[in-house]
Structure formats: structure tokens, C-alpha cells
**Student:** 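Take a look at the following structure, please.
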2 protein chains.
Amino acid sequence: MTARIESWAPDGIGDVQPGDDLARIVGDALVADGVADGDVVVVTSKVVSKAEGRVRVAADREAAIDEESVRVVASRTSPRGVMRIVENRLGLVMAAAGVDASNTPEGTVLLLPLDPDASARAIRAALQERFGVRLGVVISDTAGRPWREGQIDFAIGAAGVLVLRDMRGTPDTHGREITVTMTAVVDQIASATELVRGKVAARPVAVVRGLARFVTDTDGPGAAALVRSAEDDLFRTGSEEAYEEGYTAGYEAGANDAFASERDADVELDGDDAL
Amino acid sequence: MTARIESWAPDGIGDVQPGDDLARIVGDALVADGVADGDVVVVTSKVVSKAEGRVRVAADREAAIDEESVRVVASRTSPRGVMRIVENRLGLVMAAAGVDASNTPEGTVLLLPLDPDASARAIRAALQERFGVRLGVVISDTAGRPWREGQIDFAIGAAGVLVLRDMRGTPDTHGREITVTMTAVVDQIASATELVRGKVAARPVAVVRGLARFVTDTDGPGAAALVRSAEDDLFRTGSEEAYEEGYTAGYEAGANDAFASERDADVELDGDDAL
């Protein structure tokens with residue numbers, strides 16, 4: 001038996017405005033191609049932010065980044081200015097805290113949704129009510145990553161779809177436990193639909209059919225479950241920043257130890273003198 | 001117009017053995033569902049490694065990791081042992097250098113293919129010859145990432161398919177340049193097909209149809225183009241490791257400066273004494 005999925009992105013979703021009923025707009029876009037039990041609906045964070053009015057004037061971009069940031073993880077100065085990679089309120093590590101200046105109304109920037117998992121749950125509830133089937137909903141965003149060029153889409157919100165597939169204890173085809181322990185299912189769903197949606201065309205919604213086994217009755221823990229806490233992360237701070245932090249601490253310790261050993265030496269010399 | 005892709009993973013590919021003609025095995029698996037111009041064929045690195053005989057006895061696992069490693073990026077000690085995240089020969093930053101112990105014959109481990117882009121080119125050439133259509137080929141693997149729980153699939157080899165979609169200079173729907181500049185197309189293709197292939201079932205091959213616009217006449221630069229050099233990376237070294245490095249350098253500088261200032265003070269004291 002061949003395993004199979006299909007994904008499509010309806011065209012013709014107009015500009016979304018603050019206060020718009022996004023679940024209705026998304027639902028209208030789905031009608032033409034039909035909705036089936038077990039479909040996963042992916043909505044870009046951009047239209048969620050627009051509908052939720054998460055808009056700031058562009059002049060306040062730096063203030064918006066500050067507002068969204070919990071801590072600076074790394075930064076780089078280039079001729080274009082300082083690029084800050086920060087951990088934001090949602091625990092996501094993203095350039096400019098995820099504050100977005102492209103495909104936004106002139107003179108504005110967009111902040112990420114306040115609670116993307118809640119947004120996903122609300123859209124899910126409305127779509128399930130409307131279509132009378134069980135659906136998963138994912139809110140997607142785009143980010144760069146360490147070590148690799150290029151950006152990929154990932155999930156910042158999820159409801160009713162398996163977030164992490166836990167493979168621990170699953171035997172492999174040779175009967176041993178497999179070393180891949182957890183698969184970030186919803187991140188891969190977000191990436192898959194980016195291939196269909198693209199970045200430029202006005203296609204903020206995509207459907208994946210064929211993943212009904214990942215669609216759950218309850219809303220589940222949401223994409224928040226994919227956030228690894230800074231304490232548990234081997235890359236919690238940029239290499240330069242961690243080096244600087246270590247250098248400062250080391251410098252102080254080295255200087256203190258040196259003064260202490262000088263003092264000890266002086267005491268010893270005084271002792272010798274006394275003989 | 002609705003944009004659409006489809007992906008499937010044929011079943012029934014048996015165990016691959018060293019020396020097997022992998023392109024023939026993959027081609028045989030594709031026949032039942034048909035092959036069309038512009039299809040992208042994704043093959044897991046595991047079967048490429050098996051066919052290429054990249055097998056070691058499990059007792060030599062640590063030696064195999066050493067053999068594959070260029071440098072240690074970060075490490076963590078747990079009750080299960082030391083986990084090393086390294087930059088491997090291919091420039092990929094992966095736990096255990098990508099050396100794999102699951103779904104391998106008992107008592108063996110698998111190293112990554114020697115040159116996955118070359119493997120992709122060879123499979124592409126053979127499949128295009130056999131089916132008489134233009135195809136893209138991706139070699140996929142699985143890895144964890146900083147800041148997020150769970151692993152996702154990504155591309156370690158590619159031929160005939162766009163690796164990075166360069167969006168620089170592309171106007172957004174409001175006529176301004178978009179800030180997302182490069183999309184890692186083949187990584188997203190690898191992630192999309194993991195949803196179809198799964199980890200446990202013997203489905204090492206998947207096809208994506210609907211991305212013909214990303215399939216190129218030439219083989220292109222391969223997935224090697226996705227590797228960011230360590231010098232250009234803000235996370236080239238783990239936070240702990242960078243801190244330790246900084247601490248050591250800072251300690252030495254602090255001690256030297258302290259001794260120097262003590263000497264200066266002594267010289268001053270000697271001067272006072274001479275008065």
C-alpha cells in the first residue's frame with residue numbers, strides 16, 4: 001500500500017483587515033476544494049496577526065521588537081544595522097523577535113499573534129462547527145536556523161493535530177529501539193505547505209489531506225510544546241556572546257587569583273625577611 | 001487557481017544491501033504509481049549509505065564518529081553517556097556526526113554517504129535515463145535543531161532541484177522588497193516527505209508531484225550550498241563551550257594584567273623609597 005498526502009492552497013483570499021472574522025475567511029476559501037474529516041488547515045501567522053490587529057507603525061519597529069523580546073540571544077552588526085536574534089514572549093528564538101515588515105500595509109510592521117495556540121484553537125472550533133468534521137489547525141511562520149542557509153516554515157500555533165510524534169520505545173524493522181525519538185510533526189506540516197503557498201502570492205491558507213492519523217479529538221498542548229527551554233538548550237546564547245560572558249568572568253577570576261597569589265608571595269617574602 | 005502538490009511513498013522496498021544498484025531499486029518502486037516530468041524523488045540517506053557499503057561494526061561507533069567529525073560543536077554528558085554534536089566532513093552539524101544505529105543490521109552502524117550530492121546526481125541520471133523525463137532527486141536525513149523539541153528531515157544531497165529559492169529583490173504584494181530572502185526549498189521537500197514515509201515502515205523513497213517549477217535542467221550546486229560556514233554562523237560553538245573558551249582566555253588576560261599592575265605598583269613603591 002502506498003502512503004499518500006495531498007496539499008493545496010486556495011487562491012483569492014483578499015487582504016485581511018484588523019477585526020476581520022478570520023475563521024470565516026479561511027472557511028470560505030476552503031469551500032471550493034471541499035473539506036474532509038482529518039484535514040489539516042495551515043494558516044500563516046501573518047493573516048492571524050492582521051486579523052487580530054497586531055499592527056504597529058513602522059517607526060516603532062525597534063520598540064516593537066523590544067516589546068516582544070525576553071532576551072537577546074545573539075546579535076550581528078552589518079552595514080544595514082544591528083540584527084538581533086532574540087527569544088520572544090512565546091519562547092521562540094527568531095530574528096527581530098518575529099516582527100515582520102514584508103507584505104504588511106505601507107508604513108506598518110506586524111507582531112506575532114499574542115497567543116498563536118489560542119488562535120489555532122479558535123479557528124479550529126469555528127471550522128469544525130461550520131463543516132461538521134474533525135480538523136487540525138496549524139499557524140505557520142518563517143525563520144532562519146543555525147548552520148544552514150535559507151529559511152523554512154515552522155509551526156508557532158497548533159490545535160487538534162499531533163505536535164510531537166513520540167517514537168521512544170518503538171521497535172525498528174530489526175526489532176531494536178529507534179534512535180530518532182521525537183518527530184516535530186507540525187513543523188514538517190508547516191514546511192510542506194510553504195512549498196504550495198509560496199511567499200509572494202496571496203495564499204495564506206493551505207490544506208493537507210492524508211494525515212488524519214495525526215488529527216486528535218482534543219486540541220492538545222499546542223506548538224508551545226515544541227519550545228525547548230533555554231536551560232535545556234546547548235545553544236541558548238550565541239557563540240560570541242557566550243565567549244564574551246566567559247571572558248568577563250574569567251578576567252575577574254584571573255585578576256583576583258593573581259592579586260591573591262601576589263599577596264601570598266609578599267607574606268612569604270615578609271616571613272623570609274623576618275628570619 | 002489552486003496550487004497543489006501530492007506526495008506518496010511506495011511500500012515494499014526490501015532491505016538494501018551493500019553493492020545493490022539503488023537507482024534500479026528506486027526506479028522499480030516508482031513504476032506502480034507512475035513517473036511524470038518534474039517529479040522530485042526523495043531517498044533517505046539510510047538506504048544510500050547501505051547501498052554504498054557505509055557500514056561499520058557497532059563496536060567501532062565512537063571511532064566512526066571520530067572519522068566523520070571535523071570538530072566538536074557542543075557536547076552533553078548524561079547518564080547514557082556523552083552526546084557529541086559535531087560538524088562532520090560534509091559541514092553538517094549533527095549529533096554523533098550523523099552516524100546512525102537504528103534500522104541498521106544487528107551489530108552495525110551506518111555512516112552518511114561519502115558524497116550525498118554525487119549520490120543524488122547518480123540516481124537522477126539513472127532514473128532520467130530509465131523513464132525519459134526530467135526529475136529532481138533529494139537525499140534526506142533526520143536531525144534535531146537548537147531551540148526546538150523534536151527532529152525534522154532535511155536535505156543532505158540534491159540534484160536537479162532548486163536548493164535555495166532566492167527572493168531578494170522580489171516585490172511583495174505591496175510592491176516592496178520582501179524580507180524573507182532565501183527559502184531552503186529542498187529541506188522543506190525532505191520534511192514534507194517524512195510525513196508520508198514515516199520512520200518505522202520500510203518506505204525509504206517518496207515522490208513529490210507538483211513542484212516541476214523547482215526542477216532544473218542541470219544538476220545544480222547540490223545540498224552542499226545549504227551549509228553555512230562556521231565563520232558565518234552565530235552559533236558555531238555551543239554556549240557552554242564558547243563560555244569556557246572565553247573564560248580561559250579572560251583568566252589569562254586578567255592574571256597577566258594583575259601581575260603587570262602589581263609590578264607597576266612595586267616600581268612606584270621603589271621610586272617612593274628612593275626619595
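So that the names make sense, note that chain A is the first sequence line, chain B the second, and so on, each numbered from 1. Worth saying up front: this structure is predicted, and the values here are computed from it rather than measured.
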**Student:** So which residue, B:S191, B:G144, B:G150, ends up with the most heavy-atom pairs under 4.5 Å with chain A?
**Tutor:**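 The option with the most such pairs is B:S191.
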**Student:** Can you tell me which portion of A:T193 sits under 4.5 Å from chain B's heavy atoms? Options are side chain, backbone, both or neither.
**Tutor:**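 It is neither, since no heavy atom gets under 4.5 Å.
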**Student:** With chain A, which of B:A143, B:A258, B:A242 has the greatest number of heavy-atom pairs at distances under 4.5 Å?
**Tutor:**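 Most pairs with chain A among the choices: B:A242.
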**Student:** What residue, out of A:L195, A:D166, A:I189, has the most heavy-atom pairs lying under 4.5 Å from chain B?
**Tutor:**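 Among the listed options, the one with the most contacts to chain B is A:L195.
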**Student:** Which bit of B:A225 comes within less than 4.5 Å of chain A, counting heavy atoms only: side chain, backbone, both or neither?
**Tutor:**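 Only the backbone of B:A225 comes within 4.5 Å of chain A.
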**Student:** Distance-only, no hydrogens or angles: does the A:W147 side chain make a donor-acceptor pair with backbone N or O of B:F235 under 3.5 Å?
**Tutor:**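 Confirmed, A:W147 side chain pairs with B:F235 backbone.
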**Student:** To check you understand the geometry: which heavy-atom pair defines the closest contact between A:A253 and B:Y247, and what is its length?
**Tutor:**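 So the two residues come closest at CB-OH, 3.1 Å.
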**Student:** If I take atom CD from residue B:E149 and atom CG from residue A:D233, how far apart are they, to the nearest 0.5 angstrom?
**Tutor:**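 Answer rounded to 0.5 Å: 8.5 Å.
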**Student:** Which of the residues B:T248, B:V185, B:V196, B:V163 is involved in the greatest number of heavy-atom pairs with chain A at under 4.5 angstrom?
**Tutor:**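 Top count of heavy-atom pairs under 4.5 Å with chain A: B:V196.
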**Student:** Output yes when a side-chain donor or acceptor of B:E245 lies under 3.5 Å from a complementary backbone atom of A:Y243, and no otherwise.
**Tutor:**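 Checking the backbone N and O of A:Y243 against the side chain of B:E245, no donor-acceptor pair under 3.5 Å is found.
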**Student:** Tell me, side chain or backbone of B:L226 under 4.5 Å from chain A's heavy atoms, or both, or neither?
**Tutor:**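 Both parts, heavy atoms under 4.5 Å.
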**Student:** Between B:A255, B:A230, B:A192, B:A32, which residue shows the highest count of heavy-atom pairs closer than 4.5 Å to chain A?
**Tutor:**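 Highest number of heavy-atom pairs under 4.5 Å: B:A255.
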**Student:** Main chain of A:S239, side chain of B:T237: is a donor-acceptor contact present, judged purely on distance under 3.5 Å?
**Tutor:**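 Judged by distance alone, no pair lies under 3.5 Å.
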**Student:** Could you tell me whether the side chain of B:S7 and the main chain of A:I5 form a donor-acceptor pair under 3.5 Å?
**Tutor:**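 No; zero donor-acceptor contacts below 3.5 Å.
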**Student:** I need the residue from A:D33, A:V227, A:V208 with the largest number of non-hydrogen atom pairs under 4.5 Å to chain B.
**Tutor:**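 The answer is A:D33.
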**Student:** Heavy-atom distance under 4.5 Å to chain A: side chain of B:R209, backbone, both or neither?
**Tutor:**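 Neither; nothing under 4.5 Å.
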**Student:** Could you check which of B:N256, B:D257, B:V73 has the highest count of heavy-atom pairs closer than 4.5 Å to chain A?
**Tutor:**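 Looking at each option in turn, the highest pair count goes to B:D257.
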**Student:** What part of A:L234 gets closer than 4.5 Å to chain B, counting heavy atoms only: side chain, backbone, both or neither?
**Tutor:**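 Both parts, backbone and side chain.
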**Student:** Where on A:D187 is there a heavy atom nearer than 4.5 Å to chain B: the side chain, the backbone, both, or neither?
**Tutor:**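 Side chain only.
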**Student:** Between B:R263 and A:E262, is the closest basic N to carboxylate O distance under 4.0 Å?
**Tutor:**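 No, A:E262 and B:R263 are not salt-bridged.
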**Student:** How long is the span from the CD atom in B:E194 to the CD atom in A:Q188, to the nearest 0.5 Å?
**Tutor:**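 Rounded to the nearest 0.5 Å, the CD-CD separation comes out at 4.5 Å.
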**Student:** Most heavy-atom pairs under 4.5 angstrom with chain A, which of B:R165, B:E244, B:R228?
**Tutor:**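 Answer, by heavy-atom pair count under 4.5 Å with chain A: B:R228.
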**Student:** Can you say whether A:I85 sits under 4.5 Å from chain B via the side chain, the backbone, both, or neither, judging by heavy atoms?
**Tutor:**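 Just its side chain gets close to chain B.
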**Student:** Is it the case that the side chain of B:R145 and the backbone of A:P146 share a donor-acceptor pair, with hydrogens and angles ignored and the cut-off at 3.5 Å?
**Tutor:**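 Looks like no, no N/O pair under 3.5 Å.
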**Student:** For A:L211, which atoms come within 4.5 Å of any heavy atom of chain B: side chain, backbone, both, or neither?
**Tutor:**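 Side chain only.
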**Student:** Where on B:M94 is there a heavy atom nearer than 4.5 Å to chain A: the side chain, the backbone, both, or neither?
**Tutor:**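 For B:M94, no heavy atom lies under 4.5 Å from chain A.
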**Student:** Counting C-beta onward and ignoring hydrogens, is there a side-chain heavy-atom pair between B:T183 and A:I152 closer than 4.5 Å?
**Tutor:**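 Counting from C-beta outward, B:T183 and A:I152 never come under 4.5 Å.
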**Student:** So, do A:E6 and B:R4 sit near enough that their side-chain heavy atoms are less than 4.5 Å apart?
**Tutor:**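 Yes - at least one pair of side-chain heavy atoms lies under 4.5 Å apart.
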**Student:** Do A:R236 and B:E240 come close enough that some side-chain heavy atom pair is under 4.5 Å?
**Tutor:**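 In contact.
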**Student:** What part of B:D153 lies closer than 4.5 angstrom to a heavy atom of chain A: side chain, backbone, both or neither?
**Tutor:**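 Looking at B:D153, backbone and side chain both touch chain A.
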**Student:** Chain A heavy atoms under 4.5 Å from B:L92: which part of the residue, side chain, backbone, both or neither?
**Tutor:**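 The side chain, not the backbone.
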